[in-house]
Amino acid sequence: KNPTGFNQLIRTLLSESESLNMVFILNDFYADGRDVSWIWDVEFEQLKNYVNWLALSGKRAEELMLRVKYADFDLGRVGIEKNYDRLIDDLINTAKGERIYLMSTYTGMLEFRECLVKRGVTEGFWKD
């Protein structure tokens, strides 16, 4: 939930992969931090030539769309899906076994993960 951390993730991804399938989830609930203006300090421009496709989700997905537009992403490769169940279906149909990188604020990750738990893809936290 800050540009320094996000920029470090970008550098790490670019050092490991030449082609990226990505999901960004941005919420602004109390646990995430209400102010999302930090996305304008993220170096999204570094990613634009490496992204095969980018799915945006979360309460503030539209702000992410505006940010990647200003980063000169090919918007034909970018979409918004706020419903996590539909997003998971889209990811399954689009990725076809390829790796997907997901970057999310705290509450977005918890919500997305809960959908994966309901589908039996992963186990819930704190489960014996």
Requested in this report: Count the heavy atoms belonging to other residues, nucleotides or ligands that lie under 6.0 Å from OH of Y50, then report whether that count exceeds 12.
Outcome: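 Atom OH in Y50 is not crowded, with 12 or fewer foreign heavy atoms closer than 6.0 Å.
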Query raised in the report: Can you tell me if CZ on R99 sees more than 12 non-hydrogen neighbours from other groups inside 6.0 Å?
Result: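 No, because the 6.0 Å sphere around CZ of R99 holds 12 heavy atoms or fewer from other groups.
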Query raised in the report: Hey, are K48 and E43 close enough for a salt bridge, meaning a charged N less than 4.0 Å from a carboxylate O?
Result: no
Distance check, rounded to the nearest 0.5 Å: [X] atom [atom1] versus [Y] atom [atom2]?
| X | Y | atom1 | atom2 | value |
| --- | --- | --- | --- | --- |
| M22 | L47 | CE | CG | 5.0 Å |
| N21 | N52 | CG | CG | 4.5 Å |
| R67 | I39 | CZ | CD1 | 7.5 Å |
| K82 | L56 | NZ | CG | 10.5 Å |
| T4 | L9 | OG1 | CG | 11.0 Å |
| I10 | F44 | CD1 | CZ | 6.0 Å |

Report task. Give the ring-plane orientation class for F6 versus W38, where under 30° counts as parallel, over 60° as perpendicular and anything between as tilted. Result -> tilted
Query raised in the report: With Y84, which of E111, K118, R113 fulfils side chain to side chain donor-acceptor pair (under 3.5 Å)?
Result: E111
Report task. Take D32 and T107 through the test side chain to side chain donor-acceptor pair (under 3.5 Å) and record every step on the way to the result. Result -> CA-CA 6 Å; D32 303 306; T107 63; 2.5 Å; yes
Query raised in the report: Got a donor-acceptor contact below 3.5 angstrom from the S57 side chain to the E81 backbone?
Result: yes
Query raised in the report: Where the side chain of T122 meets the backbone of L116, is there a donor-acceptor pair that is under 3.5 Å apart?
Result: no
Query raised in the report: When you look at K69 and E62, which way does the salt bridge (charged side-chain N to carboxylate O under 4.0 Å, His left out) test go after all the steps?
Result: CA-CA 10 Å; K69 177 183 176 184; E62 290 83 0; over 6 Å; no
Query raised in the report: Quick one: do L87 and L64 end up in the same hydrophobic cluster if we chain Ile, Leu, Val, Met, Phe, Trp and Tyr together by side-chain heavy atoms under 4.5 Å apart?
Result: no
